[in-house]
Number of protein chains: 2
Amino acid sequence: MVLTREALALSAFARAPLFAGLGQADLVDLAARFHPHHFARDEALFHEGHRAHAYYLMAEGRVKIIQTSVDGAEVILHLLGPGELVGALPNLDDGTYPGSAIALDDVSALSISPADFEALLELHPRLAINLLHYAAGKLRSVHSRLRELTTERAERRLARTLSRLAAQIGRGVEAGVLLDAPLTRQALAELSGTSLFTVSRTLKEWERQGVLQVGRERVVIVNTHALATLADDLPLPASHPQRPLPHA
Amino acid sequence: MVLTREALALSAFARAPLFAGLGQADLVDLAARFHPHHFARDEALFHEGHRAHAYYLMAEGRVKIIQTSVDGAEVILHLLGPGELVGALPNLDDGTYPGSAIALDDVSALSISPADFEALLELHPRLAINLLHYAAGKLRSVHSRLRELTTERAERRLARTLSRLAAQIGRGVEAGVLLDAPLTRQALAELSGTSLFTVSRTLKEWERQGVLQVGRERVVIVNTHALATLADDLPLPASHPQRPLPHA
DNA sequence: CGGCCTCTTTGCGCCAGCGCAAGGACAGCT
DNA sequence: AGCTGTCCTTGCGCTGGCGCAAAGAGGCCG
């Protein structure tokens with residue numbers, strides 16, 4: 001699907017809660033500072049550690065934000081889709097990209113220079129506040145992942161990752177909820193903090209149990225409820241059925 | 001040490017980069033909306049899941065922000081000290097505390113109601129922007145921890161945790177850098193994503209090597225450089241010396 | 001000074017899940 | 001149809017580090 005520049009901008013702005021509460025005049029002012037770009041699948045919008053030269057507002061497609069460790073292992077920090085801002089948040093800190101952004105699909109995005117962006121923030125207080133709320137949401141979700149990583153087992157983390165993805169990029173299809181992005185086992189491993197092998201084994205097991213349908217770069221959640229159960233109730237192998245919360 | 005209310009407010013405001021760039025008149029306006037509180041060690045400023053009733057600006061002491069998982073395991077998300085804001089950030093999202101805040105010391109803090117706080121943001125755009133930068137920094141550090149947790153081994157994570165703590169709450173003493181907070185092995189475990197046992201063993205080992213001095217709820221970093229080496233260069237047990245980055 | 005409570009150390013067993021290797025399946029291209 | 005490259009599966013061995021239990025070491029208080 002190809003959109004005109006105006007339509008692109010419009011749809012991106014309309015979908016972005018970031019711009020909620022701004023007047024029409026403000027929006028026009030904003031729109032003038034953004035420039036359209038296109039990226040092919042697997043292309044990088046920017047690289048970890050580089051000085052920030054542009055922020056992007058996603059219009060079409062999805063990107064992953066990854067961090068790479070010295071020995072080459074990757075972690076996916078976020079998946080971002082239309083209406084979301086890429087690269088801006090962490091850069092307000094020190095001006096270098098803390099991760100790389102890679103296109104998962106063909107991506108259309110609107111770029112803005114850091115200087116222009118900061119100027120916008122000064123000019124439109126509403127924007128700063130919206131962005132603050134957005135950042136708060138991201139923080140919250142990253143906090144949850146932190147907790148899961150340190151306290152939960154790989155299997156449950158994977159279940160949670162799938163649930164999250166379903167909410168974020170799920171699309172209803174006949175058999176259930178399709179995760180609407182090309183996710184390899186490797187990518188799922190990086191999202192859930194485990195290895196490609198464990199992901200493969202676990203997904204297969206769940207397919208046997210009728211919870212999922214899996215294919216190459218494709219997961220359909222057939223039984224959402226069963227998955228939620230796996231994510232929330234899945235006990236330790238041999239365990240107390242459930243301990244009530246101490247401060248319940 | 002006991003401070004007058006005014007002195008408390010002054011010192012807290014002065015230390016908070018949050019209030020940088022605000023005029024004297026603005027500061028007076030702000031100060032009027034904050035109310036002093038005191039908490040004893042181990043007391044909770046607020047509890048995970050509760051509706052937010054107040055945010056706090058730290059004046060004296062330190063708090064930990066923790067999340068608890070269903071089976072009772074805790075993770076420390078942040079340690080916060082004087083000049084930092086407690087509880088506000090994640091609440092801008094949905095209004096419930098995503099973690100509990102527990103005093104590590106005796107704590108003096110200034111509270112403000114969420115409504116007043118949001119009003120301040122509207123009134124003082126500078127404040128929103130400052131807060132945004134602050135949130136960006138937090139995001140960045142949490143991202144690093146996420147990456148470390150999924151890609152690095154327990155020993156190295158612990159080394160990093162100590163380095164971070166040294167920068168954050170370190171105090172120079174004769175023997176080296178003292179971590180100036182009552183940190184049990186358990187707390188270090190929750191910060192570095194491992195178990196109390198592994199922390200104990202590893203610290204002892206490093207003490208033998210002369211990197212640290214450890215005691216009950218007490219760590220002094222003797223050889224900062226050695227610790228940094230452990231955090232950054234510590235290779236896999238039997239390993240390639242170092243692989244250059246693929247896209248270097 | 002003796003008792004208590006919390007924090008810490010250490011030996012030992014065990015298993016979740018990582019890592020490799022080999023083979024299979026699928027998609028796109030010519 | 002055949003080729004090629006990428007992605008996925010699965011068996012197998014191995015180990016980091018978790019978890020328990022029991023004993024030691026400080027602090028603190030009466």
Side-chain angles (χ1 to χ4, degrees), chain A residues 40-42 69 71-75 102 104 106 148-159 161 179 181-190 192-208 212-220 230 234-240, chain B residues 40-42 69 71-75 102 104 148-159 161 179 181-208 212-220 234-240 243:
Chain A
R41 180 173 174 173
D42 290 335
S69 66
D71 55 352
E74 285 181 5
V75 184
I102 311 286
L104 289 177
D106 281 4
E148 291 165 21
L149 271 175
T150 55
T151 66
E152 281 162 10
R153 340 243 317 292
E155 191 178 356
R156 194 192 266 194
R157 295 201 304 268
L158 180 57
T161 300
L179 300 188
L183 295 169
T184 66
R185 300 289 178 271
Q186 178 64 36
L188 289 173
E190 288 168 18
S192 52
T194 179
S195 74
L196 166 170
F197 309 101
T198 299
V199 170
S200 177
R201 279 183 257 267
T202 308
L203 290 188
K204 262 286 133 117
E205 175 57 27
W206 287 341
E207 184 169 54
R208 254 168 244 128
L212 308 173
Q213 283 175 15
V214 302
R216 187 190 173 91
E217 296 190 344
R218 184 186 160 84
V219 176
V220 179
L230 286 168
L234 200 138
L236 297 174
S239 79
H240 345 269
Chain B
R41 179 172 175 175
D42 290 335
S69 65
D71 54 353
E74 286 181 3
V75 185
I102 312 286
L104 289 177
E148 291 165 20
L149 272 175
T150 55
T151 65
E152 282 163 10
R153 337 244 316 291
E155 191 179 356
R156 193 192 269 195
R157 294 199 305 269
L158 180 56
T161 300
L179 300 187
L183 295 169
T184 65
R185 302 289 178 271
Q186 177 64 36
L188 289 173
E190 288 167 17
L191 280 167
S192 53
T194 178
S195 74
L196 165 171
F197 308 100
T198 299
V199 170
S200 177
R201 278 184 257 269
T202 309
L203 290 189
K204 263 286 134 120
E205 174 59 25
W206 287 341
E207 185 171 53
R208 253 168 243 128
L212 308 173
Q213 283 176 13
V214 302
R216 185 191 172 93
E217 296 190 344
R218 184 185 160 84
V219 176
V220 178
L234 200 139
L236 296 175
S239 77
H240 346 266
R243 201 189 327 168

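No hydrogens, no waters, no symmetry mates; every other heavy atom, side chains included, goes into these values. Throughout, a chain's letter reflects where its sequence line sits, starting with A, and its residues are numbered from 1.
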Picking from [options], which would you name as closest to the side chain of [X]?
X	options	answer
B/R153	D/dG16, D/dT9, D/dT10	D/dG16
B/T194	C/dC20, D/dC7, D/dG17	D/dG17
B/R201	D/dG17, D/dG19, D/dG11	D/dG19

(request) Considering just the side-chain nitrogens and oxygens of A/S200, establish if one lies under 4.0 Å of OP1 or OP2 belonging to D/dT9. (result)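 Looking at the OP1 and OP2 atoms of D/dT9, one of them is under 4.0 Å from a side-chain N or O of A/S200.
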
Would you kindly give the [atom1]-to-[atom2] distance between [X] and [N], to the nearest whole Å?
X	N	atom1	atom2	result
A/D42	C/dG28	CG	P	14 Å
B/L196	C/dG11	CG	P	16 Å
A/E217	C/dA27	CD	C1'	10 Å
A/R218	C/dA25	CZ	C1'	16 Å
A/W206	D/dT9	CH2	C1'	17 Å
B/R185	D/dG19	CZ	C1'	18 Å
B/L212	C/dT8	CG	C1'	15 Å
A/K204	D/dC7	NZ	C1'	12 Å

Taking all atoms of both residues into account, what is the closest heavy-atom pair of [X] and [Y], and its distance?
X	Y	value
A/R157	A/S192	NE-O, 2.9 Å
A/T202	A/T198	OG1-O, 2.7 Å
B/L196	B/A189	N-CB, 3.5 Å

(request) Could you check whether A/R41 gets within reach of a base, just the sugar-phosphate, or nothing at all, counting any heavy atom under 4.0 Å? (result)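 Here A/R41 touches no strand at all.
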
(message) If you assign each of A/V199 and A/R216 to its closest nucleotide in DNA chain D, which residue comes earlier from the 5' end?
(response)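 This one resolves to A/R216.
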
(message) Closest-nucleotide mapping onto DNA chain D: is A/E207 or B/F197 further toward the 5' terminus? I mean the 5' end.
(response)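 Looking at the nearest nucleotide for each, A/E207 comes out on the 5' side.
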
(request) Evaluate side-chain contact (heavy atoms from CB on, under 4.5 Å) for B/T150 paired with A/E190, printing each intermediate quantity in order. (result) CA-CA 8 Å; B/T150 55; A/E190 288 168 18; over 6 Å; no

(request) Measure distances between side-chain N and O atoms of A/R157 and base N and O atoms of C/dG17, and say whether any donor-acceptor pair falls under 3.5 Å. (result)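 Side chain to base: no pair below 3.5 Å.
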
(request) With DNA chain C as reference, determine whether A/S195 or B/Q186 sits nearer its 5' end, using the nearest nucleotide of each. (result)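 Looking at the nearest nucleotide for each, B/Q186 comes out on the 5' side.
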
(message) Distance check, rounded to the nearest 0.5 Å: A/L212 atom CG versus A/L230 atom CG?
(response)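 Here the rounded value is 8.5 Å.
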
